[in-house]
Visitor: 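Have a look at this one before I ask anything.
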Amino acid sequence: MIFNSVTFLIFIAAFLPVYFALNGRQRLWWSLLGSYFFYGWWDWRFLTLIVISTMVDFYLGLQISKLDEPSRRKRMLIFSMVLNLGFLGFFKYFNFFVDSFHQMLLSFGLQPSIHTLHIILPVGISFYTFQSMSYTIDVYRRGIAVEPDFLRFATFIAFFPQLVAGPIVRASELLPQFNKDQRFKWDRFTSGTGQILWGFFKKVAVADSLAPFVDQCFDAPGAFSSMHLLVGVVFYSFQIYCDFSGYSDIAIGLARIMGYDFPINFRTPYFSKNFSEFWTRWHITLSSWLRDYLYISLGGNRKGTLMTYRNLMLTMLLGGLWHGASWVFVFWGFLHGAYLVVQRLAGPGFRRLLDAMHLPKFAIDGLNIALVYFFTCLAWIFFRSPDFSTATTVIERIASFENFTLGSIVNKFWLMKGILLVGLLLLVEIADFRFDFGEVIRRSPVFRVASFAVLLWLIALLGTFDSNAFIYFQF
């Protein structure tokens with residue numbers, strides 16, 4: 001079930017009144033059943049994966065908390081990780097590694113006959129796997145108390161607002177909120193509704209309206225001018241941002257209405273002045289997960305400069321692989337790892353150079369933002385492309401500056417609509433730096449009604465209503 005569908009609107013309209021009418025464990029049962037129904041609507045067979053993972057990690061968490069012997073505790077943790085990563089590896093990466101091995105044998109002149117399975121990727125498996133793993137790891141580290149209630153733990157794993165595409169909410173953030181009934185509060189309803197509408201605007205109006213232009217560019221890059229492809233890359237940077245952050249906004253808004261607080265997942269990432277900052281603004285819950293459970297576990301920056309660079313590269317490479325079973329995703333991760341390493345190597349010298357030029361602060365900030373955005377878009381080309389051939393074609397044609405004019409862009413309507421929508425998005429995000437719209441909405445009923453009406457009007461006028469699935473469902 002996807003948020004931008006009539007089915008979901010019917011589901012949530014039926015779910016919420018019963019949710020607020022119930023209390024205690026009845027409400028938890030209703031939340032769990034609703035979450036399983038929400039996920040099972042896509043394919044009920046994959047509910048078994050969530051149930052198995054939930055049961056195993058609940059049991060192992062209890063055992064780890066009772067044990068004092070380090071070796072036995074570690075064995076329990078390893079078993080949990082093997083199970084969770086085994087499910088993830090089989091469903092997401094089995095064919096990828098078999099195909100890669102096949103291609104390697106072919107490169108050596110061998111002609112093996114290899115048949116891969118037709119494996120369906122369960123929606124959201126990467127997200128709920130990381131969420132479940134973080135609980136077991138935190139219990140092992142004694143960072144959180146074990147959850148003794150299976151119903152509460154199962155609801156935490158399957159909670160439907162963030163189940164299939166995040167944010168990745170950790171046990172320490174969400175489980176304590178299940179300990180008491182969350183009453184209906186008007187201010188939470190209005191602020192949550194505002195965030196949901198903003199998320200729908202990002203997804204339905206911006207992302208889905210940019211999608212046809214972007215798809216056209218990456219389906220046949222050789223057929224378009226350099227200007228057309230450049231616009232396509234820029235549009236894709238906003239398509240994926242609005243698609244994913246739009247989902248996060250809807251999830252956060254739904255949770256807020258239900259009485260729960262989710263962590264923010266995006267914070268105007270394209271205004272970042274360096275790549276370290278970018279990863280504190282883009283997909284925040286994933287980047288913090290990779291930092292806390294992978295980068296720090298590898299040693300972080302505690303074992304010298306070279307090991308720090310190695311750990312950064314490994315973290316970003318695995319972060320790229322997490323996004324999809326393709327070498328273009330791995331290369332995307334490699335690029336961002338390289339950006340972080342180069343930033344550490346050349347950053348101090350670059351800052352001294354800018355200081356020597358005696359530029360005003362706004363000019364330095366603008367230059368840094370432009371550089372980060374440029375290299376982010378370069379990496380997005382590989383992320384969006386189905387293969388390296390497509391990515392290199394896009395880059396080569398843009399760099400050729402062939403027909404580098406607005407007149408060479410094929411579909412002017414898509415162009416003008418895209419510029420309008422991206423402009424509106426940026427206008428709101430820039431204004432939000434100065435005016436906290438969320439706070440204004442909470443304090444001013446007039447502004448709240450006006451902003452909701454404007455968002456609904458923009459969604460109805462500019463939205464694309466063909467129930468496009470969110471991009472991150474494939475991850």
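All residue numbers refer to positions in the sequence shown, counting from 1.
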Visitor: State which residue, out of F383, F266, F238, fulfils the ring-ring contact (aromatic ring centres under 6.0 Å, His included) condition with F244.
Guide: F266

Visitor: In terms of the angle between their ring planes, are F401 and F404 parallel, tilted or perpendicular, with boundaries placed at 30° and 60°?
Guide: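 Taking F404 first and then F401, their aromatic rings stand perpendicular (interplane angle over 60°).
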
Visitor: Got a salt bridge between D355 and R351, using NZ or NE/NH1/NH2 to carboxylate O under 4.0 Å?
Guide: no

Visitor: Do the non-hydrogen side-chain atoms of T405 and M227 ever get within less than 4.5 Å of each other?
Guide: no

Visitor: If you define the side chain from C-beta out and look only at heavy atoms, does anything of C217 sit under 4.5 Å from H228?
Guide: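 Yes, at least one pair of side-chain atoms sits under 4.5 Å.
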
Visitor: Should D249 and K202 count as an ion pair when the cut-off is N to O under 4.0 Å?
Guide: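 A salt bridge is present here (some side-chain N lies under 4.0 Å from a carboxylate O).
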
Visitor: For M416, I'd like to know if atom CE has over 12 heavy atoms of other residues, nucleotides or ligands within 6.0 Å.
Guide: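 Open.
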
Visitor: For R291 and T315, which I'm curious about, is there any donor-acceptor pair between the side chains at under 3.5 Å?
Guide: no

Visitor: For R256 and R188, indicate whether the former's side chain and the latter's backbone hold a donor-acceptor pair under 3.5 Å.
Guide: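 No; judged by distance alone, with no hydrogens or angles, the pair does not exist.
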
Visitor: Got N274 and F278 here, is their nearest side-chain heavy-atom distance under 4.5 Å?
Guide: no

Visitor: Answer yes if the side chains of N403 and S226 hold a donor-acceptor pair under 3.5 Å, and no otherwise.
Guide: no

Visitor: Is there a donor in the side chain of T308 and an acceptor in the side chain of N301, or the other way round, less than 3.5 Å apart?
Guide: no

Visitor: More than 12 heavy atoms of other residues, nucleotides or ligands under 6.0 Å from NZ of K412: is that the case?
Guide: yes

Visitor: When the ring centroid of Y247 is compared with that of F3, is the distance short of 6.0 Å?
Guide: yes

Visitor: Quick check: do L321 and L317 have side-chain heavy atoms less than 4.5 Å from each other?
Guide: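 Side chain of L321 against side chain of L317, heavy atoms only: no contact under 4.5 Å found.
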
Visitor: Are P263 and I284 packed together at the side-chain level, in the sense that at least one heavy-atom pair is separated by less than 4.5 angstrom?
Guide: no

Visitor: Does a side chain donor of either E402 or S225 reach within less than 3.5 Å of an acceptor in the other side chain?
Guide: no

Visitor: Between F15 and F38, is the ring centroid distance below 6.0 Å?
Guide: no

Visitor: Is the shortest distance from a Lys or Arg side-chain nitrogen in R170 or D138 to a carboxylate oxygen in the other one below 4.0 Å?
Guide: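 Answer for the salt bridge query: no.
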
Visitor: Treating Q239 as the side-chain partner and V214 as the backbone partner, does any N or O pair qualify as donor plus acceptor under 3.5 Å?
Guide: no

Visitor: Which pair of non-hydrogen atoms, one from Q162 and one from I157, has the smallest distance, and what is that distance?
Guide: NE2-O, 4.5 Å

Visitor: Decide yes or no for M313 and F334: does some side-chain heavy atom of the first lie under 4.5 Å from some side-chain heavy atom of the second?
Guide: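 Touching, per the 4.5 Å side-chain cut-off.
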
Visitor: What closest approach, in Å, do I419 and F235 show between heavy atoms, and which atom pair accounts for it?
Guide: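 Looking at all heavy atoms of both residues, the closest pair is N-CZ, 3.8 Å.
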
Visitor: Is any side-chain heavy atom of F159 closer than 4.5 Å to one of F262?
Guide: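 A side-chain contact under 4.5 Å exists here.
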
Visitor: Do the ring centers of F127 and W322 come within less than 6.0 Å of each other?
Guide: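 Judged by ring-centre distance (under 6.0 Å), F127 and W322 do meet the cut-off.
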
Visitor: Do T390 and D387 pair up side chain to side chain, a donor and an acceptor below 3.5 Å, judged on atom types alone?
Guide: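 Present: a donor and an acceptor within the cut-off.
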
Visitor: Does the ring centre of W41 sit less than 6.0 Å away from the ring centre of F37?
Guide: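 Here the rings of W41 and F37 have centres that are less than 6.0 Å from each other.
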
Visitor: Which pairs would a plain distance check flag for residues 445-463, meaning a side-chain donor or acceptor within less than 3.5 Å of a matching protein atom at least two apart in sequence or in another chain?
Guide:
from	atom 1	to	atom 2	distance (Å)
R448	NH1	I441	O	2.7
S451	OG	F447	O	2.9
S451	OG	R448	O	3.0

Visitor: Step through it carefully: locate the ring centre of W332, locate the ring centre of F329, and say whether they are under 6.0 Å apart.
Guide: no

Visitor: Do we see a donor-acceptor contact under 3.5 Å between the side chains of T285 and N265?
Guide: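 A pair is found: one side chain offers a donor N or O, the other an acceptor, under 3.5 Å apart.
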
Visitor: Quick one, F189 with T193, criterion side-chain contact (heavy atoms from CB on, under 4.5 Å). Give me CA distance, side-chain angles, the key distance, then yes/no.
Guide: CA-CA 6 Å; F189 177 80; T193 300; 3.8 Å; yes

Visitor: Between side-chain atoms of residues 370-377 and protein atoms elsewhere (two or more places apart, or another chain), which donor-acceptor pairs fall under 3.5 Å?
Guide:
from	atom 1	to	atom 2	distance (Å)
Y373	OH	S237	OG	2.7
T376	OG1	V372	O	2.7

Visitor: For residues W282 and R267, determine if any side-chain heavy atom of one lies less than 4.5 Å from a side-chain heavy atom of the other.
Guide: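 In short, these two side chains do not touch, never coming nearer than 4.5 Å.
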
